[in-house]
S.K.: 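Before I ask anything, let me first share the structure, which is written out below as structure tokens.
Both ligands and their constituent atoms are indexed starting at 1 by order of listing.
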Amino acid sequence: MPVARPESQEPRVIAHVDMDCFYVQVEQRRNPALRGQPTAVVQYNDWKGGGLIAVSYEARGFGVKRSMRGDEAKRVCPGINLVQVPVARGKADLNLYRSAGSEVVAILASKGKCERASIDEVYLDLTDAAKEMLLQAPPDSPEEILIEAAKSNILGLPSDASEKEKNVRAWLCRPDADYEDKLLACGAIIVAQLRVRVLEETQFTCSAGIAHNKMLAKLVSGMHKPAQQTVVPSSSVQDFLASIPVKKMKQLGGKLGSSLQDDLGVETIGDLLSFTEEKLQEQYGVNTGTWLWKIARGISGEEVEDRLLPKSHGCGKTFPGPKALKNSASVKGWLDQLCEELSERIQSDLNQNKRIAQTLTLHARASKENERDSTKKFPSKSCPLRYGTGKIQEDAMKLFQSGLHDFLESQNTGWSITSLSVTASKIYDIPSGTSSILRYIKGPSSAASPAIPDSSSVPEDPSLDNNVYGMPIHEEQCEPSISEQEDGKRYSGISAKQCSANEEKRISKKLPEVKGTSSILKFLSRGQSALHEKRKSNELICSHPGPGSSSEANRAEELNVPAQGADRSSTSSGAEPSGSNAWMFNVEDIDPAVVKELPPEIQREIQGWTRPSKQPSTKRRGSTISSYFQPARS
Ligand code: TTP
């Protein structure tokens with residue numbers, strides 16, 4: 001459920017920058033003959049000409065839409081160029097687009113805190129840069145304003161087209177503007193400069209929104225596309241929000257937005273103004289009620305995170321209709337390919353960024369023979385991630401088998417899989433200096449089994465010894481334990497806390513004088529305990545039942561699979577797993593930035609988890625609020 005964050009007392013300048021028809025622009029840079037032409041990028045699947053995933057603005061002018069397939073686009077616009085997304089291992093290979101996005105991010109990040117929000121969009125906190133401009137070189141002469149800034153769209157300014165540029169220049173230099181607007185004007189100039197640099201250095205155009213918070217910046221960045229920017233002065237916020245349909249707002253696209261429409265008759269964000277904070281809290285709980293009350297007033301305290309890299313990596317593939325997988329051999333064949341790609345990506349993240357992923361998760365979509373309408377979902381399964389393609393493949397297959405066992409509920413029936421994906425999450429930075437010190441740590445204990453990664457998997461950087469990340473493991477120090485969880489069920493497993501403490505003690509004993517050790521110990525103790533656990537890959541599998549699924553833990557026990565906290569790892573609650581299951585997958589660990597890169601069916605499933613939990617309801621949709629949301633009431 002959305003929660004209001006405390007907002008800053010100081011005015012901030014936040015920008016949301018979104019590339020225009022991004023995959024098309026990347027293809028146009030590869031093949032300049034496509035520039036200015038109606039063009040679309042289509043999926044690797046060529047059924048009916050392939051689904052369109054990106055459409056150029058020229059093609060949009062002919063009525064081509066992303067929801068179309070290639071054949072339909074050709075009917076609407078016979079001159080359209082259809083470019084197939086690059087393919088590797090029988091599926092879309094997005095590396096080209098990912099690295100093009102990184103080029104842009106590198107430029108945008110030069111002016112302040114930068115959060116990469118998806119493959120082609122970022123948030124920037126430009127507050128400091130704007131303050132500095134205001135002090136050092138405030139805009140004071142309309143004639144000297146950069147042309148790109150003068151083309152800004154300022155909400156609330158008279159929309160007389162012939163006078164627009166003149167009005168914008170005057171607004172950006174207004175001597176009588178209040179401090180907030182002056183900062184915003186500086187932000188608009190900085191964003192215009194950045195957009196010009198992006199164009200010059202990458203040949204890509206982008207659009208942007210500039211406002212006092214992330215929510216408003218995001219809402220307006222797409223308002224004037226392509227290659228334009230829009231500014232939201234505080235004085236225009238109320239009028240602007242009065243025109244925004246609730247479903248357009250982030251976090252209101254799902255059940256909460258529907259409930260606002262059906263139960264409160266709210267159509268636009270502005271309509272929320274007619275409800276008191278108490279009334280909204282009464283309906284939706286204290287946190288969400290306050291959040292709604294604030295967004296109606298354009299207030300949002302959400303911070304721009306300092307993050308240029310994704311929080312997780314994922315690869316998936318769908319198998320629609322006759323392509324559905326119906327036996328373990330074909331699942332294994334595809335899983336091997338997905339794992340190979342995932343392994344390459346986490347390996348390159350490790351080599352380039354010195355980051356290590358902790359959790360491997362398998363998601364699948366399945367149906368049982370003769371039970372096409374069953375609501376039973378294939379449970380997502382997680383385990384600690386072991387580096388090395390072979391190990392990831394082996395573990396992913398075990399996760400699949402465990403999920404299938406739960407899904408089939410011991411029925412001996414045929415099944416088919418319509419989508420598969422593997423995700424690596426809980427990615428941590430390795431503190432600098434760790435590698436050389438850990439080479440020292442390795443010493444004689446290196447004979448102990450390194451769980452992560454395997455020796456074949458980290459060859460590219462000799463300074464990154466494989467045991468750097470696969471910490472020496474002393475099995476005898478990590479006794480399996482039986483723990484009784486809140487629900488009274490017993491789960492066998494490793495006491496990670498105990499293991500971590502032992503390991504830490506052992507390392508500190510061994511390295512009393514090594515410089516920089518404390519950072520390593522911090523690293524070792526920071527939710528990394530799972531790395532030290534004695535574990536065979538089939539010993540720790542965590543299950544993530546989809547909504548409506550019954551207890552996975554019971555079945556995990558039958559399977560002799562310790563489902564530590566299985567039922568508590570609710571993917572919708574967002575609760576952090578406790579120490580002993582710190583490796584577990586949590587939906588919060590999935591980077592929204594990469595969700596868009598997964599097949600649409602998987603996207604929908606993940607988005608479903610991030611929406612408010614739904615209580616099973618027999619009532620007609622919309623009849624009462626309580627049928628939609630879990631308690632969270634005051
Ligand atoms: P978007 O930013 O949603 O769209 P866009 O950049 O193509 O166009 P716009 O100018 O309207 O912003 O998505 C960025 C890229 O992500 C897009 O070029 C292709 C890819 N993508 C998919 O592969 N599948 C999807 O469902 C969406 C929405 C995007």
Side-chain angles (χ1 to χ4, degrees), residues 15-30 34-45 50-70 73 80-88 91-105 108 115-123 153 195 198-199 202-209 217-230 248 250 253 310 314-318 320 419 421 591-608:
H16 178 256
V17 181
D18 185 26
M19 307 308 293
D20 302 317
C21 56
F22 187 47
Y23 289 11
V24 170
Q25 287 204 76
V26 176
E27 295 300 340
Q28 287 173 330
R29 185 172 71 169
R30 275 216 293 189
L34 298 175
R35 275 195 202 291
Q37 304 294 321
T39 304
V41 174
V42 293
Q43 275 170 334
Y44 50 89
N45 170 351
L52 271 50
I53 51 178
V55 181
S56 76
Y57 282 83
E58 293 81 6
R60 293 183 204 194
F62 287 91
V64 179
K65 296 198 168 61
R66 194 180 352 231
S67 54
M68 294 177 176
R69 302 197 74 89
I80 194 168
N81 299 284
L82 298 178
V83 184
Q84 200 198 43
V85 77
V87 174
K91 60 181 281 297
D93 175 8
L94 306 182
N95 279 331
L96 179 70
Y97 309 124
R98 274 191 207 102
S99 50
S102 302
E103 287 175 48
V104 175
V105 170
L108 296 177
E115 175 183 331
R116 190 169 184 175
S118 85
I119 198 163
D120 78 328
E121 59 184 321
V122 304
Y123 288 99
N153 302 281
R195 290 180 39 245
V198 168
L199 182 61
T202 67
Q203 305 173 30
F204 300 143
T205 66
C206 53
S207 300
K218 164 93 180 167
L219 277 174
V220 295
S221 64
M223 220 173 158
H224 297 95
K225 266 186 167 261
Q228 294 187 63
Q229 59 183 51
T230 306
K248 280 249 166 181
K250 195 175 145 196
C315 318
K317 171 139 181 98
T318 49
S419 81
S421 75
D591 189 337
V594 300
V595 172
K596 218 155 65 169
E597 300 173 34
L598 295 170
E601 281 188 30
I602 302 171
Q603 287 183 29
R604 275 196 294 277
E605 185 158 338
I606 291 173
Q607 278 153 4

S.K.: Nearest to atom 2 (O) of ligand 1 by heavy atom, Val85, Thr205, Asp120: which?
M.R.: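 The residue whose heavy atom sits nearest atom 2 (O) of ligand 1 is Asp120.
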
S.K.: May I ask you to identify, for Asp18, whether its side chain, its backbone, both or neither come under 4.0 Å of ligand 1 on a heavy-atom basis?
M.R.: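 For Asp18, only side-chain atoms sit under 4.0 Å from ligand 1.
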
S.K.: Could you tell me whether the side chains of Asn153 and Gln228 share a donor-acceptor contact shorter than 3.5 Å?
M.R.: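 Present: a donor and an acceptor within the cut-off.
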
S.K.: Are the side chain of Arg66 and the backbone N or O of Ala54 linked by a donor-acceptor pair below 3.5 Å?
M.R.: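 Answer holds: no.
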
S.K.: Please state whether Arg60 comes within less than 4.0 angstrom of ligand 1, counting heavy atoms only.
M.R.: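 Contact present.
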
S.K.: Just going by heavy-atom distances, which of Leu94, Leu52, Ile53, Asp20 is nearest to atom 21 (N) of ligand 1?
M.R.: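 When every heavy atom of Leu94, Leu52, Ile53, Asp20 is considered, Ile53 comes closest to atom 21 (N) of ligand 1.
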
S.K.: Using modelled atom types and a 3.5 Å cut-off, is there a donor and acceptor pairing between side-chain atoms of Ser102 and backbone atoms of Arg98?
M.R.: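 Yes, the answer is positive, given that a donor and an acceptor are paired below the 3.5 Å cut-off.
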
S.K.: Please report the C-alpha distance between Tyr23 and Ile119 in whole Å, then the side-chain angles of each, then the deciding distance to 0.1 Å, and finally whether the side chain to side chain contact (heavy atoms under 4.5 Å, CB included) criterion is met.
M.R.: CA-CA 10 Å; Tyr23 289 11; Ile119 198 163; 3.6 Å; yes

S.K.: Ser207 and side chain to side chain contact (heavy atoms under 4.5 Å, CB included): which partner among Gln229, Met19, Lys225?
M.R.: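 Exactly one option meets the side chain to side chain contact (heavy atoms under 4.5 Å, CB included) with Ser207, and it is Lys225.
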
S.K.: So, does Tyr57 sit close enough to ligand 1 that a heavy atom of it is under 4.0 Å from the ligand?
M.R.: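 Contact present.
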
S.K.: Judging by distance only, is a nitrogen or oxygen of Lys225 under 3.5 angstrom from one on ligand 1?
M.R.: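 Min N/O separation from ligand 1 is below 3.5 Å for Lys225.
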
S.K.: Is it the case that ligand 1 has an N or O less than 3.5 angstrom from some N or O of Val55?
M.R.: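 No, there is no polar N/O contact under 3.5 Å.
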
S.K.: Can you list the atoms of ligand 1 that are under 4.0 Å from a heavy atom of Met19?
M.R.: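 Ligand 1 atoms under the 4.0 Å threshold to Met19: 6 (O), 10 (O), 12 (O).
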
S.K.: Will you find, in the side chains of Tyr97 and Glu27, an N or O donor that is under 3.5 Å from an N or O acceptor?
M.R.: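 Yes, side-chain donor-acceptor contact under 3.5 Å.
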
S.K.: Does at least one non-hydrogen atom of Gln25 fall below 4.0 angstrom from an atom of ligand 1?
M.R.: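 The answer is no, since Gln25 has no heavy atom less than 4.0 Å from ligand 1.
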
S.K.: Verify side chain to side chain contact (heavy atoms under 4.5 Å, CB included) between Arg30 and Leu96, making sure each step is shown before the conclusion.
M.R.: CA-CA 10 Å; Arg30 275 216 293 189; Leu96 179 70; 3.6 Å; yes

S.K.: Looking at ligand 1, is there an atom of it that comes within less than 4.0 Å of some heavy atom belonging to Cys21?
M.R.: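 Per 4.0 Å heavy-atom rule, Cys21 contacts ligand 1.
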
